[in-house]
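A short write-up of the structure that comes next.
What's counted below: heavy atoms across the whole structure, side chains too, no hydrogens, waters or symmetry copies. By convention here, the first residue in the shown sequence is residue 1.
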Amino acid sequence: MAEPPAAFGGPAGQAWEQAVLPVKARRAGCRLIVNPANLAPLAYDGNVVVVHDAAAVVEPGWYSATYAAWQRVVMPRVARRARAVIVPSEFSGNEVVELFGVDPGKVEVIAGGVDDRFSPEADSARVRQALGLERPYVLTVGGLTSRKNFGVLDEVAPALGLEGVEVVVAGESRRELERDAPASGLRYLGRVPDALLPGLYAGAGAFVLPSLHEGFGLTALEAMKSGLPVVTSRRGALPELCGEAATYVDPHDPAEITAALLDALSVERPVQAAIERASRFGWERTAEGVDALVGRLLEPGAA
């Protein structure tokens, strides 16, 4: 059987998935395929698909034209045909029902989790040295895409700079994601190795996520688990995720973001309310939820 192309996950890889996975599944006698990333083979009638969000359909301009067109055509059909659709938040569940016409009874909210490696006690000194971080910093983490709205932080950075604080961005571009021009006032680290991420969070004075759309918001959880004060937008699933343990801002208002971050930098660390909130989200709980759903679908007579 042919192997997937190197660009698996883009349109070429997804086309491979559509053609090959049903054949493999039938040969293996599989009754279900759990598909973890928005898409699944349409020619197979036993899909459980995880739909993280509908951003590519809501705002196609945030993505390359090819990627957005593929998602717009295939993702709604996959969701409607699936035996079950797993979403990480009520927000994403509402998107799936309202935009794709999926039966609400097929939608299961199973939140993602945050690793226990993220902690206020993570080794931040080693990471500061490894990444050359000499000044205090506010951190944001995520792919360099327009929907993350990191460009607004370029208008925030000067005020923080007067306090001796720099704005640090950890993340990389992907070719299917459209991104704004790099903001000149920010410190870009590129992709940071997983082993360094806990210490990078723990060493920050605060975390900011000015996203325009989030189906979940894992990086906000990682920051909260690290005991950071979190400043984030009121968009998408972020209020649902962070509850009262974060400060919410208008993602288009740099003055409001600046004021919130200056307040956050004065908060005593670690922020216990943030740690407690993030601790509700564990990968073991996520796995148990998926296992229970699959078990129900495999019971005799399950629709």
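The hydrophobic cluster containing V267 does not contain V138, counting ILVMFWY residues as joined when their side-chain heavy atoms lie under 4.5 angstrom apart, directly or transitively. Both V87 and V78 are part of a single hydrophobic cluster, where members link through side-chain heavy atoms under 4.5 Å apart. Both L99 and V51 belong to a single network of hydrophobic side chains, linked directly or stepwise wherever heavy atoms of I, L, V, M, F, W or Y lie under 4.5 Å apart. Hydrophobic clustering places F100 together with V73 (ILVMFWY residues linked when any side-chain heavy atoms are closer than 4.5 Å, directly or through intermediates). In this structure, W283 is not a member of the same hydrophobic cluster as Y201, with clusters built from ILVMFWY side-chain heavy atoms closer than 4.5 Å.
The shortest distance between side-chain heavy atoms of P239 and F91 does not fall below 4.5 Å. Between N149 and S211, every side-chain heavy-atom pair lies at or beyond the 4.5 Å cut-off. In this structure the side chain of L200 reaches within 4.5 angstrom of the side chain of L133, judged on heavy atoms. Counting heavy atoms from C-beta on, the side chains of K148 and E214 come closer than 4.5 Å. Looking only at side-chain heavy atoms (C-beta outward), R234 and D250 come within less than 4.5 Å of each other. Between E155 and I257 the shortest side-chain heavy-atom distance does not fall below 4.5 Å. The closest side-chain heavy-atom distance from I275 to S279 is below 4.5 Å. A 4.5 Å side-chain heavy-atom check between V294 and L298 finds at least one atom pair inside the cut-off.
To the nearest 0.5 Å, atom CZ of residue R126 and atom CG of residue L196 are 5.5 Å apart. In this structure, CD1 on I110 lies 11.0 Å from CD on E288, to the nearest 0.5 angstrom. Here the CG atom belonging to L209 is positioned 6.5 Å from the CZ atom belonging to F150, to the nearest 0.5 angstrom. In this structure, the separation between CZ on F207 and OG1 on T247 is 13.5 Å, given to the nearest 0.5 Å. Atom-to-atom distance recorded for L265:CG and E163:CD is 8.5 Å, nearest 0.5 angstrom. Interatomic distance, T140 OG1 to L189 CG, rounded to the nearest 0.5 Å: 11.0 Å.
Residues G185 and D154 share a closest heavy-atom pair of N-OD1, 2.6 Å. Taking all atoms of both residues into account, the shortest heavy-atom contact from A170 to V192 is CB-CG2, 3.7 Å. Here the closest non-hydrogen pair linking A202 and S124 is C-CB, 4.1 Å. Between P136 and G164, the shortest heavy-atom contact is CD-O, 3.4 Å. Contact record, S119 with E121: OG-OE1, 2.8 Å, taken as the closest heavy-atom pair. Pairing each heavy atom of A56 with each of Y67, the nearest pair is CB-CE2, 4.3 Å.
Between the side chain of W62 and the backbone N or O of S146 there is no donor-acceptor pair closer than 3.5 Å. Under the 3.5 Å distance criterion, the side-chain polar atoms of R147 are matched with a main-chain donor or acceptor of H213. Within the 3.5 Å criterion, the main-chain N or O of H52 finds a donor-acceptor partner in the side chain of N38. Checked by atom type and distance alone, the side chain of R285 pairs as donor or acceptor with a backbone atom of R280 at under 3.5 Å. A donor-acceptor contact shorter than 3.5 Å is absent between the side chain of N47 and the backbone of V49. Although no hydrogens or angles enter the test, the distance criterion places no donor-acceptor pair under 3.5 Å between the side chain of S233 and the main chain of L212. Panel note: side chain R81, backbone A43; no donor-acceptor pair is recorded below 3.5 Å. Proximity of a side-chain donor or acceptor of S226 to a complementary backbone N or O of L228 within less than 3.5 Å is not detected. Of the possible polar contacts, one joining the R128 side chain to the R135 backbone as a donor-acceptor pair under 3.5 Å is found. Judged by distance alone, with hydrogens and angles left aside, the side-chain atoms of R80 form no donor-acceptor pair with the main-chain N or O of G101 at under 3.5 Å.
For CD of Q129, the number of neighbouring non-hydrogen atoms (other residues, nucleotides, ligands) closer than 6.0 Å is 12 at most.
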For V167 and Y137: C-alpha separation, side-chain torsions, deciding distance, then whether side chain to side chain contact (heavy atoms under 4.5 Å, CB included) applies. CA-CA 6 Å; V167 179; Y137 61 93; over 6 Å; no
If you apply the rule side chain to side chain contact (heavy atoms under 4.5 Å, CB included), what do you find for V58 with D53, and how did you get there? CA-CA 9 Å; V58 174; D53 58 57; over 6 Å; no
Working note: M75 + L39, criterion side chain to side chain contact (heavy atoms under 4.5 Å, CB included); need CA distance, chi angles, decisive distance, verdict. CA-CA 6 Å; M75 187 160 52; L39 295 171; 4.0 Å; yes
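Using a 4.0 Å cut-off between charged side-chain N and carboxylate O, E59 and R235 make no salt bridge. Salt bridge present: K225 and D116 bring a charged side-chain N and a carboxylate O closer than 4.0 Å.
F281 and F216 have perpendicular rings, their planes meeting at more than 60° on a 0 to 90° scale where under 30° would count as parallel.
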